Amino acid sequence: MPYTPAPHRPRLTSMITLSISATVLVTVLALTGLIDHFARNYAQRQSAVRLQQIAWQMRDSLDRRMRAAVSDVSFLAQLPEVRDARSPAEARMALESLQATEPDYAWIGLARPDGLVFAATGKTLEGADVSGRNWFHDSSGGVKVFDYHPAMLLAEKLPQHPDPWRFVDIASPVAGSDGTPRGVLAVHLSWNWARRMARTLLAPVRDQYQTEIFVVRDDGMILLGPQGMEEKTIAAQSFHEAMAGRNGALVETVDGQRYLTGYAMTGANIEGPSLKWAVLVRQPYAMALADFRALQGTIAAAGIVLTLLLGTLGWLFARHMARPLHRLSVAIERHSLDRSARIPIVSDFHEMHLLSSTLAANAEREQRHLEALHGLNESLERTVGERTTELAAKAEQLQQALERQQQIQLQLQESEAELRAMLHNANDAFIAIDERALILEWNEQAERLLGWRRSETFGKSLPELLLVEDMRASWLSELARFVASGESELINHRRDMPVLRRDGEEIAVEISIGHVPRRNSHLFVVFMHDITERKMLHASLEGMANRDTLTDLPNRRALMQTMPEAVARARRIGKPLAVFFLDLDGFKGVNDAYGHDAGDELLRLLAHRIVGTVRRTDTVARLAGDEFVVLLEMLSSADDAIEVAAKLLAQLRQPFVLRAATVSLSGSIGIALHEPDANEAIGALLSRADSAMYQAKRLGKNCYCVAAGDTANSPSA
Ligand SMILES: Nc1nc2c(ncn2[C@@H]2O[C@H](COP(=O)(O)OP(=O)(O)OP(=O)(O)O)[C@@H](O)[C@H]2O)c(=O)[nH]1
């Protein structure tokens, strides 16, 4: 098969390069995805920890500050200058010395039990009535802290500040050394310390990460927060988590913005009075993951570089790997176009060496096979050519044979038609039957001879149609015997037999039956010829042969046929018979005297006279000349014969009136008697009668003589 190059098929180098590149790409993408996933989680965790730490720091700072304030107020309330102050100036000094150490105490005052301010830092509000303030009337029972509130009376007394004055009040009841109530000591802790603290904490991260700190009161109001948000309410999940006493960080969406928020609650770990605030430190989620984003870009760039690098390496590797294969494929291509081109052994690496050496060996083997095949093909073509010529000759012969067969077939058909015509027009009746004697064919002569139409006979049994009843069974058995053994009296023998015509008349036919063997059956052909006329002619000739032409009596021949029958009858009926041998005495003289014709005339008269003397059932025959034999049957006894002999002798003595003359003669009779049970041959019986006649002649003629063995043996006249 010619080699067909496939220019559009991908090259191995491309395939390996593509595979490596695809593998690298998938690997890099998977690694990038994994790194991205872990980096994102890590970055989120890091940011959450950082925000949480800031929240904790803020919370701790608030708690520390509140603890310090409570401690300061407790300490101040125990000072004798305050408890037992005799004048406002004395108390004021103690108050202002504390304010000097802690400037965030915006106002420190001591109110008397009647609600008027007794002493205060900077004399502010001294004499003013503060009995309506929470810190005054709710501070019984120890130090208390009062939540964030705006400045009321002090707003106008205190110096102006960029941020509005907000305070957290810490108050403690004051009792004199003698235990008498001296009023309530209150410190107004300016909220500026909290703002400052928040700024301090946020300073390192705020600008870079947009971190915000919120301090939120339990009713949701923001006490401390970014510009413009303070004293507004916030509804965030982190707030609720913090107010529930939990610390941590979460991702939440507030006002449509996604944040990572760290949260904590103040006052949870403080003994003594404190305030429960939620400290929330949040950062926009995108900013929280800013480091990760930067890292993500780096990972993607590294992935691309890695992909390109590994892809290039893959391509170089593929080229290196495919180069020997390419050399081998070029050689195979060349070998496909030119079978004599050798396939080189490529030994760059083991597999290629194995492959190229195997291919080279295969190519060599294939070349040898091709040469062998070529030789075989030439031989085959030669053989096919010879066989084709032979076949053509055979076909020609077959054609000629077919033509000859067709001619033979035509001749056969013509012969068959001729034969059929001959059979139908034959003089003999022709009948074809099978082995069961069923009629298959019936010609016109058979129609004429037997009276049956051809169409009436098909399939009918020949024996039942044509044979007398007692012949039918033997016919069928003879046919069967022939079929079984090939022998039969019936087949291939010519015979005369009677057959029945359609009208029931019995006719004599000469019949011959021939056998025609067939492949799986037998055909018998029956020819019949009507012999009725011949039979009649035979009978006529037979009659002539048995008659004496002169006297028309049975002759010797007829007598010899009749006598055995008569003897058989005698035995059958049990009655004797007698044979007379009669001879005229002196007949020769008539011939001599009157001529032969006169002798003939006398013999005819004599015959007539003898027939007239005996019974009609008796036989009178002329043997020759003047010798006659009379056969007397059904005798009662020998006397009957003697009586008849006497009568005959008397008749013979009567004159014979001839045309020429009247003559008188006599006769001699020899009598042989035959008893019914005697076993004597016909010839012997006749001979005895003849002998007896000669004895009568010797005794003087004109008498009878009974042959020896009989009762009467004496001559008589
Ligand atoms: N007319 C005539 N004569 C015959 C015929 N056949 C034989 N004859 C003669 O009959 C004679 C018979 O001979 P025989 O019986 O010896 O003569 P016969 O005179 O009767 O002698 P006996 O018998 O001794 O008395 C011979 O002369 C024959 O020629 C015949 O058909 N017609």
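As the structure lists them, so they are numbered: ligands from 1, and atoms in each ligand from 1. Small disclaimer: the values here were computed from a predicted structure and weren't measured.
Side chain of R571 to backbone of G574: no donor-acceptor contact under 3.5 angstrom is found.
A search for side-chain hydrogen bond (donor to acceptor under 3.5 Å, both in side chains) contacts involving T617 returns nothing, not counting sequence neighbours. R556 meets the side-chain hydrogen bond (donor to acceptor under 3.5 Å, both in side chains) test with no other residue; sequence neighbours excluded. A search for side-chain hydrogen bond (donor to acceptor under 3.5 Å, both in side chains) contacts involving R365 returns N362, not counting sequence neighbours.
Taken from CZ in R534 to NE2 in H529, the straight-line distance is 6.5 Å, to the nearest 0.5 Å.
Near ligand 1, residues D583, L584, D585, G586, F587, K588, N591, H596, G599, D600, L603, R622, G625, D626, K697, K701 each place a heavy atom inside the 4.0 Å sphere around the ligand atoms.
Side-chain atoms of E478 and S488 include a donor-acceptor pair closer than 3.5 Å.
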